[in-house]
Enquirer: 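Take this structure, written in structure tokens, and hold onto it; I'll ask about it next.
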2 protein chains.
Amino acid sequence: MATLSQIARLAGVSVSVASRVLNGDPKLRTRQDTRDRVLKAAKDLNYTANYAGRALRLARSKALALIIPAVSSPLFADLLSGATDAAEAQEYTLLIGRSDRITAGSDTLRRLVGEGRVDGFVLQRSDDLSDQALENLVANDARIVLVTSRTPGRRGSVILDDVAGARLATQHLVSLGHTRIGLIGGVPSSDIARRREQGYALALHEANLRRRDAWVRRLGYSPEMGALAMESLMATDPRPTGVVVANVNGAIGALTALRRLGIDVPGEMSVVAYHDEWVAEHTWPPLTTVKMPYYQVGVQAVQSLLSQLSGSPPQDIVVRDPPPLLVQRMSTAPPPARR
Amino acid sequence: MATLSQIARLAGVSVSVASRVLNGDPKLRTRQDTRDRVLKAAKDLNYTANYAGRALRLARSKALALIIPAVSSPLFADLLSGATDAAEAQEYTLLIGRSDRITAGSDTLRRLVGEGRVDGFVLQRSDDLSDQALENLVANDARIVLVTSRTPGRRGSVILDDVAGARLATQHLVSLGHTRIGLIGGVPSSDIARRREQGYALALHEANLRRRDAWVRRLGYSPEMGALAMESLMATDPRPTGVVVANVNGAIGALTALRRLGIDVPGEMSVVAYHDEWVAEHTWPPLTTVKMPYYQVGVQAVQSLLSQLSGSPPQDIVVRDPPPLLVQRMSTAPPPARR
DNA sequence: GGGGACTGAACAATCGTTTTTTCAGAGTTC
DNA sequence: GAACTCTGAAAAAACGATTGTTCAGTCCCC
């Protein structure tokens, strides 16, 4: 590739002038024809500023990392899109990494920033990464924004309005007439799971319904865990007539379990899932879900990170716009007539 | 972060010695205690070599880009894992990008390499990117390996044994006794789609079965297209009793269409999909698929790219190991009794 | 016509590495 | 003891970009 000095030589100017013209330095005084010569030379040689040279000089890479637990879940598509769009808008490059590789001993995060490969990162930690473990993994001064979860301390975060989302899902079942409503939630150590459970409890409370521990499972968000949880929930007596599953992938597993058990959905059991993704349209029955503004989380996370990079203190943001949206499909219906 | 010169100062040596000790330069002659002092200093200061400085000096970024069409499809999880593992093994960083953003006018690819951000990339182009368009998008000397598709010319490629895979899927239906077997394939302009159709045709030919154009659809690999194709296939008379869907996401859409039409799977219609992914276990009925060695494609692609970077000529690789594997679930069965 | 202000650019330092080259001193050889 | 060779390390250049400083010329003014 062409370098700045080649441009300068071709244009018959010094490197500094070339650099300033190309960067539009307002403090540069130059004749129009000099400027034109530089621009033409850059165009002719198809100039692109070398990334390493610039990064070295500026001590900034203009790159961010987005670390998410399961790149393969369609769920993250929105988050990814949002983050990409926001990064692109500021001419930042986005590196995507998997947080399932970020285990306690790993130095990936530290290195990414330590080497100056990225200026900061957006991290969605896996559920089993504790606050303490997290702090051990990153440098104290690392610029980082957590998404969907929080950590005590001075890190920034962007989370969903989990309480409102889970509440909406629960309210949907309530409004269909369900009175025995279960919850398949995340692992208890996760603040996300706690907020969703809170929303569930809130909706029950508002409807004067009894919240029974026997109807709550806290295993995690994978299809396998969803299936397991649903099976054990079906073994309770009386069993719930409707279940809120705090993650769509878990809900997909839950549907599979119900099918194995020969329980009709939504005839005998209604299922509503937290989060929406394309697969939810193609399950049987198609899943009723609560769509959360995941795209906006991606956007906000990157924006918040960038503002941290330019000196602002870390912020804790809750994305409430657009609000949680009930996507009604076919997995929910009024409860069966009392037996 | 600590710099090399800080290490050197702390260890009481010159920068050059510090650098060579840390890089294990075999040509360096040094006393053991000098070496020890350097290593200790590096450890104490928690030294990580600055990425930009190194990249600038070496004119290599030690980063690769993996560009795939739909990051959100679970299908790509394996490819991604393979590529990540292979890159990590060589201490390369992997950037993940979306090729749905790579349209004709885009200069992303050119810039990525032009800026020196990555040394080369692995590209799975979207189906609508022609060979010509592709060549326009990348610099002539860019190091690039195409995955799952090929291009005439001197680019490297790593593809699946699509003929064998599609043949296996078709053979499965044949062995169940189907004689009227349809194909829902990719768009005709894609070489991938052509190879899969070839495998389908081959299996039919081997079984002395008639291949009917009316039973072949070529719309693409999305759930929507799969659904559309299946609907139109069901309108033929006689209709096929089994269909090979050349992509699992399309097959998911096809199942949805069949459900809408009230056609029983596998009672009235068998569906076998090309490619496996976790969602296939959770559709209704669970999809019988042919699992292709996508992980290995990721590994090989990165390895092939790295060998290109170290001077070898581009290779065209077909991954045959492990061979296509039939994952039998519940969407296939013998054809209904003749009416 | 000499001093000052302005114009339009060049000069030079710097970022952190890597790597070739140079070099001082100690040891060896004849 | 002069001329080597080794040893162990320092010096210096280079990668490509940015940016504060310097500088040569021109114009204006009194």
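By convention in this document, chain letters (A, B, ...) are assigned in the order of the sequence lines, proteins followed by strands, and residues within each chain are numbered from 1.
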Enquirer: Has the side chain of B:S16 got a donor or acceptor atom sitting under 3.5 Å from an opposite partner on the base of D:dA11?
Expert: yes
Enquirer: Taking the basic N atoms (NZ, or NE/NH1/NH2) and the acidic carboxylate oxygens, is any pair closer than 4.0 Å for B:R320 and B:D161?
Expert: yes
Enquirer: Report the distance from atom CG of A:L56 to atom P of D:dG16, rounded to the nearest whole Å.
Expert: 12 Å
Enquirer: What residues in residues 20-28 of chain B put a non-hydrogen atom under 4.0 Å from any atom of DNA chain C?
Expert: B:R20, B:N23, B:K27
Enquirer: Provide, to the nearest angstrom, the distance between the OH atom belonging to A:Y47 and the P atom belonging to D:dG16.
Expert: 10 Å
Enquirer: For B:E135, give me all partners under salt bridge (charged side-chain N to carboxylate O under 4.0 Å, His left out), at least two apart in sequence or on another chain.
Expert: B:R154, B:R155
Enquirer: Nearest-nucleotide wise, let me know which of B:S14 and A:V15 is further upstream toward the 5' end of DNA chain D.
Expert: B:S14
Enquirer: Please give, in whole Å, the distance from C:dG8 P to A:D36 CG?
Expert: 14 Å
Enquirer: Figure out the CG/C1' separation between B:L4 and D:dA10, and round it to whole Å.
Expert: 14 Å
Enquirer: For A:R150 and A:S157, test the side chains for any donor-to-acceptor distance below 3.5 angstrom and give the result as yes or no.
Expert: yes
Enquirer: Would you mind reading off the distance between A:R31 atom CZ and C:dT7 atom P, rounded to a whole angstrom?
Expert: 13 Å
Enquirer: Starting at atom NZ of A:K62, determine the distance to atom P of C:dC15, rounded to an integer number of angstrom.
Expert: 22 Å
Enquirer: Taking for each residue the nucleotide of DNA chain D bearing the nearest heavy atom, is the 5' side occupied by B:V17 or by B:A59?
Expert: B:V17
Enquirer: Can you name the closest pair of heavy atoms from B:S19 and B:L4 and give their distance?
Expert: CB-CD2, 3.5 Å
Enquirer: Do you know the tightest heavy-atom contact between B:K62 and A:R117?
Expert: O-NH2, 3.5 Å
Enquirer: Should the pair A:K40-A:D44 be classified as a salt bridge under the 4.0 Å nitrogen-to-oxygen rule?
Expert: yes
Enquirer: Using a heavy-atom cut-off of under 4.0 Å over every strand shown, decide if B:S19 touches base, sugar-phosphate, or nothing.
Expert: base
Enquirer: Whole-Å distance between D:dA17 C1' and A:L58 CG?
Expert: 8 Å
Enquirer: Salt-bridged, A:D36 to A:K43, with N to O below 4.0 Å?
Expert: no
Enquirer: Just checking A:A52: base, sugar-phosphate only, or nothing, at a heavy-atom cut-off of under 4.0 Å?
Expert: nothing
Enquirer: For B:R29 and D:dT7, what is the distance between atoms CZ and C1' respectively, to the nearest whole Å?
Expert: 6 Å
Enquirer: Nearest to the A:R54 side chain among C:dA10, D:dA17, C:dT19, which nucleotide is it?
Expert: D:dA17
Enquirer: Name the closest nucleotide to the B:V13 side chain, picking from D:dA9, D:dG16, D:dA10.
Expert: D:dA10
Enquirer: If you compare every side-chain N and O of B:Y51 against the phosphate oxygens of C:dC15 (OP1, OP2), does one of them come in below 4.0 Å?
Expert: no
